[in-house]
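Below, all heavy atoms of this structure are taken into account, side chains as well, without hydrogens, waters or symmetry copies. Reminder, nothing fancy here: chain letters follow the sequence lines and each chain counts from 1.
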Amino acid sequence: MLYNFKETEEKWQKIWQDTRAFRAQPDPQKKKYYLLEMFPYPSGKIHMGHVRNYTIGDVAARFKTLQGYNVMHPMGFDAFGQPAENAAIKNNTKPDDWTHKCIREMETELKKMGFSYDWEREVSTCDSSYYKWNQWIFLKMFERGLAYKKASNVNWCPSCSTTLANEEVIEGGCWRCHAKVEQKDLEQWYLKITDYKEKLLYNLEQLKYWPERVIFMQQNWIGKSKGVEIYFKLKDNGRVIPVFTTRADTIFGATYIVLAPEHPLVKELIKGKPQEPAALEFIAKVAQESKTIRSSSEVNKEGVFTGSFAVNPVNNEELPIWIADYVLMEYGTGAIMAVPTHDQRDFLFAKEHNLSLRVVIQPGLDDNSRLSAYEMAEAYEGDGYLENSGQFNGKKNSPAKEEIALWMEVKGIGKIQEHWRLRDWLISRQRYWGTPIPIIYCPECGPVPVNEKDLPVELPKDAPFTGEGGSPLAKVKEFVEAACPKCGKNARRETDTMATFFDSSWYFLRFCSPQFNAAPFDLKEAKYWMPVDQYIGGIEHAILHLLYSRFFTKFFQDLEMVDFNEPFERLLTQGMVLKDGEVMSKSRGNIVDPDSMIKNYGADSLRLFILFAAPPETELEWDERGLEGAFKFLNRVWRIQDNLKDKADPQVLKHLHRTIKKVSQDFGEFKFNTAIASFMELTNAIYQLGADKEVFSKLVVMLSPIVPHFSEELWQILGNQGSVFKASWPQYDPQLLVEETIELPIQVNGKLRSKIAVARDISEEKLKALVLADQKVVPWLEGKTPKKFIIVPQKLVNIVI
RNA sequence: GCUGGAGUGGUGGAAUGGCAUACACGUCGGUCUCAAAAACCGAUGGGGGCAACUCCGUGAGGGUUCAACUCCCUCCUCCAGCACCA
């Protein structure tokens, strides 16, 4: 009899739904386990990436349930965002209708996969019952000065006609549509994530169960560097130009100063100088270039002399001040001291413009490795001994860095400082399908926050979107016109909406109490369920979403709404699903639709294959033959029921206990591929030697997290009452793991020559005698005397001759 | 450039100091069948040998060790993130 997956899967999905099998409720008696997968954007169809992500999570959730944990496993939809607007323009529908239709379709697809979600906790970020709390959080931030508006040079995507956060600019392009990002001066809303930079950086140390590379990526992004701000004075009028450097040890080697073209002092420096016209022309030219072009021209280091000089405070030398495009206003002070001998960029620039050089670090103390400034082909950026550096001559440069910094601080010519790469988070978008920012502009009172009791500021269901840019909300008169919450006079509503990453920065908290209507989340519920024990999602969120969520959590901690500082205890980043070595994508035309795979092989086969094909973190090459293999394996297990014996073979029994041990460990470590291999080995052994109902039942329980419908059905056929998930995870008997006789490999000079079966606790002497008498070993020892016997108990024997 | 990860049969992968290639896919052979499919059994890293067996073999080269896919050094290739960050 062949396993009928279609009927079985439908049957159990209905039972699970009818019995509310995965409903989670706090239970102080039980240990909680909050398992979360990154919620999807509701595009209407799930793809293989979702299948993989959610299968991994589902196995973990079901495994923990069998182990006796009180598991919460919720699902929802990250439902705001641009595709809904694009679809609305294209199909002439409303984003709201379109999104809700997609959500329903997606729910159906997820249910077909048999995932154990507590659907009663479902949330969609586009519902006002959710985004009301986005607005509430925004107001709390506004109250504390963490949400603020400022005019500045921002990233602008011309294709999406909206602003972008720094984190959303990937290689100079828009993260969503890849169009080249432009710079624009606009007044925009920001969140002061920089107030949390220290915590965001230092608390990374707590995240012991996060992948190292995610930690590195976040560290890199926050980008702390220690250095010194050195005060150079203008020769003409003594005005100070602060310069930031991480290489205080090279201060005596500075031969010129460079300012960014946008530096506020530049205009003054060139005024009336013969260099003025050339300098102005250069500044205008750089201003036209976008940031992307400017940072891509690595080779070409252009610049002009200002005609002014600054004084090096450590030796009173006069240094020419230049303007160059390789110095950025956004980092440090927008001014640098150039040390061409020990910085490659400065070196190239100095060569190009014939500026002077001076060596201050010699790699060694001997004469033949000595550097000579004008013979160098490139800058020496390594360590060595200081020279031409006054009182610091002869010292090692690396420890001297600190010493020189302190000395400058004492002398008042510098200050030890930290610089951070992290910028405040730009959150306003000139878009319709997002959370309205709850601010009203009053001609008298200025920007005024909406009163808490007036939340939510509802997004009107209708708005004219043409895709021509500009905030669609600005065209909805009833929305824009509002009374000032302070003075009651006629005022205008903010028409920008929030970036969707705002929505996903706290949804994990909302899941704890999705219907709660007195606050974003019920503190009691959050206290029980949070933090998330295991979070699973794609590596593409390593910076954006994970950093923002950490920021929000720290903010809630400051509001005393939570009593922990990191939201996600463990993180697993699953690899992508590839087809023919490439990411599956519409444009490549290599998409494999999960739905048709479910039709042909069933959800359980798909789940099994996707876990077996590769470890969760690595990329997975799609291979339909592998899926067929998974299907065959299920049928093989299915047929065991027809050949059960009264008593299991003792070898099979031992094998079962080895499997329990191995699989329990593997499941705990998310090594599903090797766990499945163990199941296959056990199945092969059962085929050869035979098993009874008890052995088979235990195999079924262990398989259930991976292939839940299949296992429920077998569990029932085997005569058990109720769901297999009410069973408990099998325990192994350590006594059954101990083998009386073991097979020892025998090596001669580290090469395998023989294997002998011996009693587990054989004495060394007896073992030696046996080995020396072994037929296959003897020829190798002929005429030689063993120098040494290496015996690793119960592992191996190695004879050295 | 910097940082991180990886490199193992025809393929996906296993083994993190102790029997390299578990498990699966594919291929080949067999059983069953009128035949095919399914199922079941067996073989399957490369070279040499009728064979027992033997030599070589985890990107390349060196080292440590009785013993290295695993640890150390040098290098190559691929992937990812950041990048004129001073």
Side-chain angles (χ1 to χ4, degrees), chain A residues 2 170-172 211-221 223-225 227-228 243-247 250 254 258 260 294-301 324-328 330-339 342-346 348-349 381 419-421 539-540 542-543 575-576 581 609 612-615 617-630 632-633 635-636 639 671 673-684 687-688 743-755 775-776 779 786-792 794-801:
Chain A
L2 213 64
I170 317 282
E171 283 172 12
E212 254 196 334
R213 64 171 172 153
V214 175
I215 304 273
F216 280 119
M217 280 161 76
Q218 293 221 349
Q219 267 172 3
N220 208 328
W221 188 262
K224 178 186 167 178
S225 53
V228 189
V243 153
F244 179 73
T245 182
T246 55
R247 292 296 304 274
T250 62
V258 192
R294 198 169 143 188
S295 54
S296 63
S297 56
E298 280 179 39
V299 202
N300 220 359
K301 301 211 182 304
D325 57 0
Y326 80 97
V327 174
L328 306 174
E330 305 91 79
Y331 189 80
T333 59
I336 63 153
M337 63 171 204
V339 185
H342 304 295
D343 181 288
Q344 185 61 16
R345 291 159 300 171
D346 297 343
L348 291 174
F349 191 81
E381 293 179 337
H419 270 272
W420 300 74
R421 216 187 75 106
I539 185 76
E540 66 272 21
I543 298 173
M576 286 187 292
F609 165 70
F612 181 55
E617 294 92 342
T618 58
E619 291 179 334
L620 184 151
E621 176 66 30
W622 178 262
D623 181 2
E624 194 163 330
R625 284 176 307 197
L627 179 58
E628 211 175 300
K632 283 182 184 174
F633 171 69
N635 274 300
R636 203 167 144 82
R639 283 191 304 270
K671 292 173 166 178
N673 56 331
T674 50
I676 293 166
S678 304
F679 290 138
M680 288 171 168
E681 284 175 75
L682 179 61
T683 304
N684 290 342
Y687 262 77
Q688 276 162 10
E743 198 178 47
L744 277 188
I746 312 300
Q747 298 181 333
V748 178
N749 278 352
K751 292 205 170 179
L752 181 72
R753 294 304 177 193
S754 181
K755 286 182 186 184
Q775 296 267 311
K776 286 180 181 165
K787 248 192 254 168
K788 212 168 162 187
F789 255 88
I790 313 272
I791 297 175
V792 186
Q794 294 172 51
K795 269 271 170 65
L796 112 176
V797 177
N798 189 15
I799 307 165
V800 190
I801 51 172

- Task: In whole angstrom, give me the gap between the P atoms of B:G30 and B:A36.
- Result: 11 Å
- Choosing from B:C82, B:A15, B:A39, which nucleotide comes nearest the side chain of A:T674? B:A15
- Task: Give a yes/no on whether any side-chain N or O of A:N673 is located under 4.0 angstrom from OP1 or OP2 of B:A14.
- Result: yes
- Item | Distance-minimising heavy-atom pair for A:V214 and A:A542 | CG1-O, 3.9 Å
- What is the distance from CD of A:Q747 to P of B:A67, rounded to the nearest Å? 10 Å
- How far, in whole Å, is B:C76 from B:G61 if one measures between their C1' atoms? 10 Å
- Message: Counting the atoms with a prime plus P, OP1 and OP2 as sugar-phosphate, which does A:R421 contact under 4.0 Å by heavy atoms, base, sugar-phosphate, or nothing?
- Response: base
- Message: Judged by each residue's nearest nucleotide on RNA chain B, which is more toward the 5′ side, A:I676 or A:A614?
- Response: A:A614
- A:Q219 CD to B:G81 P, straight-line distance once rounded to whole Å: 18 Å
- Task: Quick one: label A:E681 by what it contacts on the DNA or RNA (base, sugar-phosphate, nothing), any heavy atom closer than 4.0 Å.
- Result: sugar-phosphate
- Per A:I336 side chain, nearest of listed nucleotides B:A39, B:A86, B:C82: B:A86
- Could you pick out which residue, A:K632 or A:I799, lies toward the 5' side of RNA chain B when each is mapped onto its nearest nucleotide? A:K632
- Considering residues, nucleotides and ligands other than A:R213, do more than 12 of their heavy atoms fall under 6.0 Å from its CZ? no
- Out of B:G18, B:A86, B:A24, whichever nucleotide has its closest atom nearest the side chain of A:S225: B:A86
- Note on the structure: To the nearest 0.5 Å, atom CD1 of A:I215 lies from atom CG of A:N220 at 13.0 Å
- Message: With a sphere of 6.0 Å drawn around CE of A:M576, does it hold more than 12 non-hydrogen atoms of other residues, nucleotides or ligands?
- Response: no
- Message: Which nucleotide wins on minimum distance to the side chain of A:R625, given the candidates B:A24, B:G26, B:A86?
- Response: B:G26
I'd like a table of donor-acceptor pairs (distance under 3.5 Å, sequence neighbours excluded) in which one partner is a side-chain atom from residues 743-755 of chain A, with atom names and distances.
residue : atom : partner : partner atom : Å
A:N749  : OD1  : A:I801  : N            : 3.0
A:S754  : OG   : A:D774  : OD2          : 2.8

- Item | For RNA chain B, stems built from three or more consecutive Watson-Crick or G-U wobble pairs below 3.5 Å | B:1-7 with B:76-82, B:10-12 with B:23-25, B:26-31 with B:39-44, B:45-48 with B:53-56, B:59-63 with B:71-75
- Message: Without decimals, in angstroms, what is the distance between A:E330 CD and B:A83 P?
- Response: 12 Å
- Could you measure between the two C1' atoms, the one in B:C71 and the one in B:G1, and give it in whole Å? 29 Å
- Kindly indicate whether the side chain of A:F633, heavy atoms from C-beta on, has any atom under 4.5 Å from the side chain of A:F679. yes
- Query: Which letter, B, S or -, goes with each nucleotide of nucleotides 41-54 of chain B from 5' to 3', with contact meaning a protein heavy atom under 4.0 Å?
  - Reply: S-----------SS
- Look at the aromatic rings of A:F349 and A:Y326 and report parallel, tilted or perpendicular, splitting at 30° and 60°. tilted
- Message: Rounding to an integer number of Å, can you tell me how far A:L627 CG sits from B:A24 P?
- Response: 17 Å
- Message: Nearest to the A:T245 side chain among B:A86, B:U3, B:A24, which nucleotide is it?
- Response: B:A86
- Among the nucleotides B:C40, B:C66, B:U3, whichever has the atom closest to the side chain of A:R639 is B:C40
- Query: Do the non-hydrogen side-chain atoms of A:K632 and A:R636 ever get within less than 4.5 Å of each other?
  - Reply: no
- Closest listed nucleotide, where the reference is the side chain of A:F244 and the choices are B:A86, B:A22, B:G18: B:A86
- A:T246 side chain, from C-beta outward: closest of B:C23, B:A86, B:A39: B:A86
- Consider the side chain of A:I543, meaning its heavy atoms from C-beta on, and name the nucleotide among B:G81, B:A14, B:C23 that approaches it most closely. B:G81
- Message: Any non-hydrogen side-chain atom of A:M337 less than 4.5 Å from a side-chain atom of A:T250?
- Response: yes
- Query: Could you give the NZ-to-C1' distance, from A:K671 to B:A15, as a whole number of Å?
  - Reply: 10 Å
- Query: When the C1' atoms of B:C66 and B:U74 are considered, how many whole Å apart are they?
  - Reply: 26 Å
- Message: What I'd like to find out is whether the side chain of A:N798 reaches to under 4.5 Å of the side chain of A:K788, using heavy atoms alone.
- Response: no
- Kindly indicate whether the side chain of A:N798 and the base of B:C66 share any N or O donor-acceptor pair separated by less than 3.5 Å? yes
- Task: Between B:A39 and B:A24, how far apart are the P atoms? Round to whole Å, please.
- Result: 13 Å
- When rounded to whole Å, the CG to P distance for the pair A:L328 and B:A86 reads 11 Å
- Would you give the length of the straight line joining atom CD of A:E617 to atom NZ of A:K671, rounded to the nearest 0.5 angstrom? 10.0 Å
- Item | Shortest side-chain distance from A:R213, nucleotide among B:G81, B:G4, B:A86 | B:G4
- May I ask you to say what A:E619 touches in the nucleic acid, namely base, sugar-phosphate or nothing, with a heavy-atom cut-off under 4.0 Å? sugar-phosphate
- Note on the structure: Its glycosidic angle compared against 90° from 0, B:G9 adopts the form syn
- A:K751 side chain near B:G18 phosphate (N/O to OP1/OP2, under 4.0 Å): no
- Rounded to whole Å, the CG-C1' distance (A:N220 to B:G5) equals 15 Å
- Query: A:P786 and A:I799: which non-hydrogen atoms are nearest, and at how many Å?
  - Reply: CB-CG2, 3.8 Å
- Task: Report which part of the nucleic acid A:K755 touches: base, sugar-phosphate, or nothing (heavy-atom distance under 4.0 Å, all strands).
- Result: base
- Query: P atom, B:A60 versus B:C56: distance in rounded Å?
  - Reply: 16 Å
- Looking only at atom P, what distance separates B:C73 and B:U3, rounded to whole Å? 14 Å
- Item | Ring geometry between A:F244 and A:Y331 (parallel below 30°, tilted from 30 to 60°, perpendicular above 60°) | perpendicular
- Query: If you look at every strand shown and take non-hydrogen atoms under 4.0 Å, does A:F612 touch a base, only sugar-phosphate, or nothing?
  - Reply: base
- Item | P-based separation of B:G13 from B:G18 [nearest Å] | 22 Å
- Once you round it to whole Å, what is the distance between P of B:C2 and CD of A:Q344? 12 Å
